[in-house]
Amino acid sequence: MGFREKFDEVKNNPDFTLKELLGFASGSFGNSMGQDCVGTYTDQFFYDYMGLNSAQNLTLKSVTKGVNIISSPIIGLLLDNRGNAKKFMTMSAIPLTVSSVLLFFVPTGSITFRLIWSFLLFLLFNVADTFYDISLLTMSSRMTTSPGPRKTFYTVAQFASTLGSTLPGGLVPFIIDIQKGDYNSEKWAFFVVALIFGILGLITMIVPCLTLQEKLALSPEVKEKKAAVDLKVVLLNRPLLLLSLSQIIDSVRQVCYYALPFFYKQTMNNYSMKTVVEVCSSTLSYIGLASVPVIGKKLSSRDMVSYGYLLTGICYTLLSIFGYKYKIIVGALIAIGGFPNAGMGAARRILLADSADYMEWKSYKKLGISVRNEGMIFSFNTMCSRISSLWKDLMIDIGLSMIGYKSATVDANGNSVEAVQTPETLKGIFYLVVIPGIIGNIIPGLIMRFDDFNGKKKESILKELEEIRKERLEVKNEA
């Protein structure tokens, strides 16, 4: 099938229009860009420019992400109880953008004032991001009610999401390295870049609010929608539980990724090397993502996630053996380790949407009512992702404290003063990269092997689900 035929197939898809596909991709792009910019660089910015120490960082992130974890299921319940996903996206886009920019501004003043400033903005960012993220994903599931078109929908969106993550990951180190040696210029460069990405992110996150339309799947009318029923159907959803468990263990893997900026800037003394490796890794990642439709004919989404973890784990095992003496080997192994990331991202979204089908079938078999709670599915997974993020923050701050990483100090005029790291600390940063890189990939890869909503069993369940839907429709028409 040629490009023209493929394009026509997407354009004439009965589940969603081309405008809706591009709208969802645009929202994924902007949301991923903001998440990557804040997630990747706030740790380093708080230590090196804001002057917060490990204890202050731990406190700040524990409280804000604790609130975020609690808010996730509440948002899911709101969405499933006739919540307007588009309205939630529109309301959250502006505070998400404002907080993502101001987090990279260092106010003049005491450490206490800076801590309060960072705490309030980080809390605002996390809550707004959760609202936007869950709303966008819930909308996507309500627009793709059949497994076939779903793969195309999420693969295209993952291209945009990967690009959104790549831009700050690649450009920030390069821009900061241009200012190398001028500490004050480096600090302001972070803010200017955050402002540029913030404006671009706001524009792209508003697009789906203007283009997407909800198409709710057929659901039975329930007189009383109780939280107990919502919780029960979630606990029946085996694919969701396994994917979410792997997401929590994924927090160890994230320590590796969030230690990389420290590794390039301090240990390798070559921050722009991150840009080069990011470009190579992203190129490989796009190749992997482009091959999803082909690979998907031989490997299930579960296999793509599982084998992707294991491949990356092998790369970091080799990195631990070779060390960081040779830049080419370091860059090559980290880049190859990123090869499956975009494909895994698309596969995870497909698995989450597929788990709604499993929930609908399993709840009918066990409870006698067919419940399809997309909001609860995505909010539960987001909650686990936030737990993962919290554990990551705790581990990275504890790890940096253990290796003796020094944060910036504040002089009598309220200005930041750069810190100098010891050789032992520089070596310790390397271990913060490779050890989590090995453990955080191998274990989640093995966990995903227990998901049996796959192959012939999945085909059988979907056929049975089709009959259940027909039966429900007939009953509804008769009534």
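Throughout, numbering of the chain's residues begins at 1 and tracks the sequence.
- Remark: Asp182 engages no residue in a salt bridge (Lys or Arg N to Asp or Glu O under 4.0 Å) (not counting sequence neighbours).
- Under the side-chain contact (heavy atoms from CB on, under 4.5 Å) criterion, Lys187 pairs with Tyr49, Val106, Asn184, not counting sequence neighbours.
- Counting heavy atoms of neighbouring residues, nucleotides and ligands inside a 6.0 Å radius, atom CD1 of Ile94 does not exceed 12 of them.
- Arg302 is linked by a salt bridge (Lys or Arg N to Asp or Glu O under 4.0 Å) to nothing, counting only residues two or more places apart in sequence or in another chain.
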Would you sort out whether Leu124 and Val98 count as a side chain to side chain contact (heavy atoms under 4.5 Å, CB included), showing the intermediate values? CA-CA 9 Å; Leu124 177 62; Val98 172; 5.5 Å; no
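- Distance alone, capped at 3.5 Å, places no donor-acceptor pair between the Ser244 side chain and the Leu241 backbone.
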Please evaluate residues Leu243 and Ser355 with respect to the criterion side chain to side chain contact (heavy atoms under 4.5 Å, CB included), reporting the C-alpha separation (whole Å), side-chain torsions for both, the decisive distance (0.1 Å), and the verdict. CA-CA 10 Å; Leu243 187 65; Ser355 75; over 6 Å; no
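- Nearest heavy-atom pair, Ser306 versus Arg449, reported as atom, atom and distance to 0.1 Å: OG-CD, 2.8 Å.
- Between the side chain of Asn381 and the main chain of Ile377, no donor-acceptor pair closer than 3.5 Å is present.
- Between Arg349 and Ser28, some side-chain heavy-atom pair lies under the 4.5 Å cut-off.
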Start with the C-alpha distance between Asn126 and Val67, add both sets of side-chain angles, then the distance that settles side chain to side chain contact (heavy atoms under 4.5 Å, CB included), and finish with yes or no. CA-CA 9 Å; Asn126 277 280; Val67 172; over 6 Å; no
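- By the side-chain hydrogen bond (donor to acceptor under 3.5 Å, both in side chains) test, Ser282 is found to be paired with Thr166, residues two or more places apart in sequence or in another chain being considered.
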May I have the step-by-step check of side chain to side chain contact (heavy atoms under 4.5 Å, CB included) for Tyr257 and Ile396, ending in yes or no? CA-CA 10 Å; Tyr257 290 138; Ile396 188 70; over 6 Å; no
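- Within the 3.5 Å criterion, the main-chain N or O of Val38 finds a donor-acceptor partner in the side chain of Thr42.
- Separation of atoms CG (Leu163) and CE (Met33) is listed at 9.0 Å; rounding is to 0.5 Å.
- Judged purely by atom type and a 3.5 angstrom limit, Thr312 uses its side chain to pair as donor or acceptor with the backbone of Gly337.
- In this structure, Asn454 CG and Asp354 CG are separated by 10.0 Å, a value rounded to the nearest 0.5 Å.
- The salt bridge (Lys or Arg N to Asp or Glu O under 4.0 Å) test applied to Lys325 returns no partner, not counting sequence neighbours.
- Taking CD1 of Ile438 as the start and OG of Ser320 as the end, the distance is 4.0 Å to the nearest 0.5 Å.
- The two residues Ser272 and Asn270 come nearest to each other via the heavy atoms OG-OD1, 3.0 Å.
- In this model, no donor atom of one side chain and acceptor atom of the other lie less than 3.5 Å apart for Ser285 and Asn341.
- The heavy-atom pair separating Ala335 from Cys280 by the smallest distance is CB-CB, 4.0 Å.
- Between the side chain of Thr162 and the backbone N or O of Gln158 there is at least one donor-acceptor pair closer than 3.5 Å.
- Scored by the side-chain hydrogen bond (donor to acceptor under 3.5 Å, both in side chains) test, Ser165 finds no partners at all (sequence neighbours excluded).
- Side chains of Asp177 and Lys265 form no contact here, defined as non-hydrogen atoms less than 4.5 Å apart.
- Between the CE atom in Met304 and the CG atom in Leu311 there is a gap of 14.0 Å [rounded to 0.5 Å].
- Here Asp397 pairs with nothing under the salt bridge (Lys or Arg N to Asp or Glu O under 4.0 Å) rule; sequence neighbours left out.
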Result block: side-chain N/O donor-acceptor pairs under 3.5 angstrom for residues 189-208, not counting sequence neighbours:
| unit_1 | atom_1 | unit_2 | atom_2 | d |
| --- | --- | --- | --- | --- |
| Thr204 | OG1 | Leu200 | O | 3.0 |
| Thr204 | OG1 | Gly201 | O | 3.0 |

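- In this structure, Glu424 contributes its side chain and Ile403 its backbone to no donor-acceptor pair below 3.5 Å.
- In this structure, the side chains of Phe46 and Leu103 come closer than 4.5 Å at one or more pairs of heavy atoms.
- Here the closest heavy-atom approach between residue Val433 and residue Pro436 is recorded as O-CD, 3.8 Å.
- Using a 4.5 Å heavy-atom cutoff, the side chains of Thr211 and Leu22 are not in contact.
- Panel note: side chain Ser388, backbone Gln247; a donor-acceptor pair is recorded below 3.5 Å.
- Sorted by first and then second residue, the pairs that involve residues 267-277 and meet salt bridge (charged side-chain N to carboxylate O under 4.0 Å, His left out), not counting sequence neighbours, are Lys274-Glu278.
- Put simply, the side chain of Tyr316 reaches to within 4.5 Å of the side chain of Ile334, judged on heavy atoms.
- The closest side-chain heavy-atom distance from Phe430 to Leu319 is below 4.5 Å.
- There is a side-chain donor-acceptor pair under 3.5 Å between Thr425 and Thr422.
- Checked against side-chain contact (heavy atoms from CB on, under 4.5 Å), Ala332 has no partners two or more places apart in sequence or in another chain.
- In this structure, Ile178 CD1 and Ser185 OG are separated by 11.5 Å, a value rounded to the nearest 0.5 Å.
- A donor-acceptor pair under 3.5 Å links the side-chain atoms of Arg114 to the main chain of Pro107, judged by distance alone.
- The neighbour count for Trp391 CH2, taken as heavy atoms of other residues, nucleotides or ligands under 6.0 Å away, does not exceed 12.
- Taking the side chain as every heavy atom from C-beta outward, Phe262 and Thr267 never approach each other to under 4.5 Å.
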Distance-only donor-acceptor pairs under 3.5 Å for side chains of residues 51-59, two or more places apart:
| unit_1 | atom_1 | unit_2 | atom_2 | d |
| --- | --- | --- | --- | --- |
| Asn53 | OD1 | Ala55 | N | 3.2 |
| Asn53 | OD1 | Gln56 | N | 2.9 |
| Gln56 | OE1 | Asn53 | N | 2.9 |
| Asn57 | ND2 | Leu52 | O | 3.4 |
| Asn57 | ND2 | Asn53 | O | 3.1 |
| Thr59 | OG1 | Ala55 | O | 2.9 |

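- Aromatic ring pairs are classed by plane angle as parallel below 30°, tilted from 30° to 60° and perpendicular above 60°; the pair Phe159 and Tyr286 is parallel.
- Between Arg238 and Phe453, every side-chain heavy-atom pair lies at or beyond the 4.5 Å cut-off.
- Side-chain N or O atoms of Ser300 include one that pairs as donor or acceptor with a backbone N or O of Asp303 at under 3.5 Å.
- When every heavy atom of Phe45 is checked against every heavy atom of Phe104, the shortest pair comes out as CZ-O, 3.3 Å.
- For Asp250 (side chain) and Ser246 (main-chain N/O), no donor-acceptor pair under 3.5 Å exists by modelled atom type.
- Taken from OH in Tyr405 to CD in Gln44, the straight-line distance is 6.0 Å, to the nearest 0.5 Å.
- Across Pro444 and Gly440, no two heavy atoms sit closer than the pair CG-O, 3.2 Å.
- Residues meeting the side-chain contact (heavy atoms from CB on, under 4.5 Å) test with Ser62, sequence neighbours left out: Leu390, Leu394.
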